[in-house]
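Structure record follows, encoded as structure tokens.
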Amino acid sequence: MRIGTGYDVHRLVPERKLIIGGVEIPFELGLLGHSDADVLIHAVMDALLGAAALGDIGLHFPDSDPEYLGASSMILLEKVGKMLEDAGYRPGNIDAVIIAERPKFRPYINRMTENIASVLKMDQSDVNIKATTEEGLGFTGKMQGIAAQAVCLIEKISGE
């Protein structure tokens, strides 16, 4: 078994969709980024890649590559899942937190969990997502951005 952690942050801006955990959330601001800027999925991908010692998302999906301009992070997560499988690993569990003052994420967390579990071929009970605020402090508290952190456990695929 191996453990990995991931962290991501993106700036909130007008005229962008807010996509978190593969779910489009109605909100007046969205996240700025080369891809769809899904901070939760980016943190999860970095945790998985780190656990397998496969680098990070910047190595595999650089923001200088036009192929990833506007890319769905769910498709990138699927590619990370394949990289893990090719390296002889499977995700054991994922625990993640979204850090934002607004909007409220509780109504969307079940769909986020389903999305991640489905793409990574995991049981939904092995994916946990939470959301918290920073009580008005820092860049997330001042609504300048949204952050996410993730930790995961990966296991060797039996027979290898």
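- When the side chains of ILVMFWY residues are joined at heavy-atom separations under 4.5 Å, either directly or via intervening members, Val97 and Leu120 end up in two distinct hydrophobic clusters.
- Here the shortest heavy-atom pairing between Met45 and Ser73 reads SD-O, 4.3 Å.
- To the nearest 0.5 Å, atom OH of residue Tyr108 and atom CD1 of residue Ile20 are 11.5 Å apart.
- Of all heavy-atom pairs between Ile129 and Met112, the closest is CD1-CB, 3.6 Å.
- Remark: Arg11 CZ is loosely packed, at most 12 non-hydrogen atoms of other residues, nucleotides or ligands lying under 6.0 Å away.
- Following chains of ILVMFWY side-chain contacts shorter than 4.5 Å, one can reach Ile116 starting from Leu84, so the two form part of one hydrophobic cluster.
- Rounding to the nearest 0.5 angstrom, the gap separating the CZ atom in Phe27 from the CD1 atom in Ile19 is 14.5 Å.
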request  = Take Asp8 and His42, measure what side-chain hydrogen bond (donor to acceptor under 3.5 Å, both in side chains) needs, and give me the verdict at the end.
outcome  = CA-CA 6 Å; Asp8 195 46; His42 293 181; 3.1 Å; yes

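- Judged purely by atom type and a 3.5 angstrom limit, His34 has no side-chain atom pairing as donor or acceptor with the backbone of Ala71.
- Asp86 is not listed as a side-chain neighbour of Met83, based on a closest heavy-atom distance of 4.5 Å or more.
- Counting all heavy atoms, side chain and backbone alike, Tyr89 lies closest to Ile157 at O-CD1, 3.5 Å.
- Of all heavy-atom pairs between Arg111 and Val23, the closest is NH2-CG1, 3.0 Å.
- By the 4.5 Å heavy-atom criterion applied to side chains, His10 and Leu32 are not counted as neighbours.
- To the nearest 0.5 Å, atoms CD1 (Ile109) and CD (Glu114) are separated by 12.5 Å.
- Other residues sharing a hydrophobic cluster with Val9 under the 4.5 Å side-chain heavy-atom criterion for ILVMFWY residues are Tyr7, Phe139.
- The salt bridge (charged side-chain N to carboxylate O under 4.0 Å, His left out) analysis of residues 130-147, with sequence neighbours excluded, yields the pairs Asp95-Lys130.
- No continuous path of hydrophobic side-chain contacts links Ile75 to Val80 [ILVMFWY only; heavy atoms under 4.5 Å].
- Here CD of Gln149 is found 11.5 Å from CG of Leu40. Values are rounded to the nearest 0.5 Å.
- To the nearest 0.5 angstrom, Ile98 atom CD1 is 6.5 Å from Ile25 atom CD1.
- The salt bridge (charged side-chain N to carboxylate O under 4.0 Å, His left out) pairs that include a residue from residues 28-38 are Glu28-Arg102, where partners are two or more places apart or lie in different chains.
- The salt bridge (charged side-chain N to carboxylate O under 4.0 Å, His left out) pairs that include a residue from residues 144-155 are Arg90-Glu155, where partners are two or more places apart or lie in different chains.
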task = Assess whether side chain to side chain contact (heavy atoms under 4.5 Å, CB included) is satisfied between Leu31 and Leu12, documenting all intermediate values.
result = CA-CA 5 Å; Leu31 293 172; Leu12 280 164; 3.7 Å; yes

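- Minimum heavy-atom separation, Val127 to Thr113: O-CG2, 3.5 Å.
- When hydrophobic residues (I, L, V, M, F, W, Y) are linked wherever their side-chain heavy atoms come within less than 4.5 Å, the members clustered with Leu153 are Met1, Ile3, Val151.
- Here CG of Asp126 is found 9.0 Å from CD1 of Ile94. Values are rounded to the nearest 0.5 Å.
- The heavy-atom pair separating Thr140 from Glu101 by the smallest distance is O-CB, 3.5 Å.
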Could you list the donor-acceptor pairs under 3.5 angstrom formed between side-chain atoms of residues 47-61 and any protein atom two or more places apart in sequence or on another chain?
| from | atom 1 | to | atom 2 | distance (Å) |
| --- | --- | --- | --- | --- |
| Asp56 | OD1 | Gly58 | N | 3.1 |
| Asp56 | OD1 | Leu59 | N | 2.9 |
| His60 | NE2 | Leu54 | O | 2.6 |

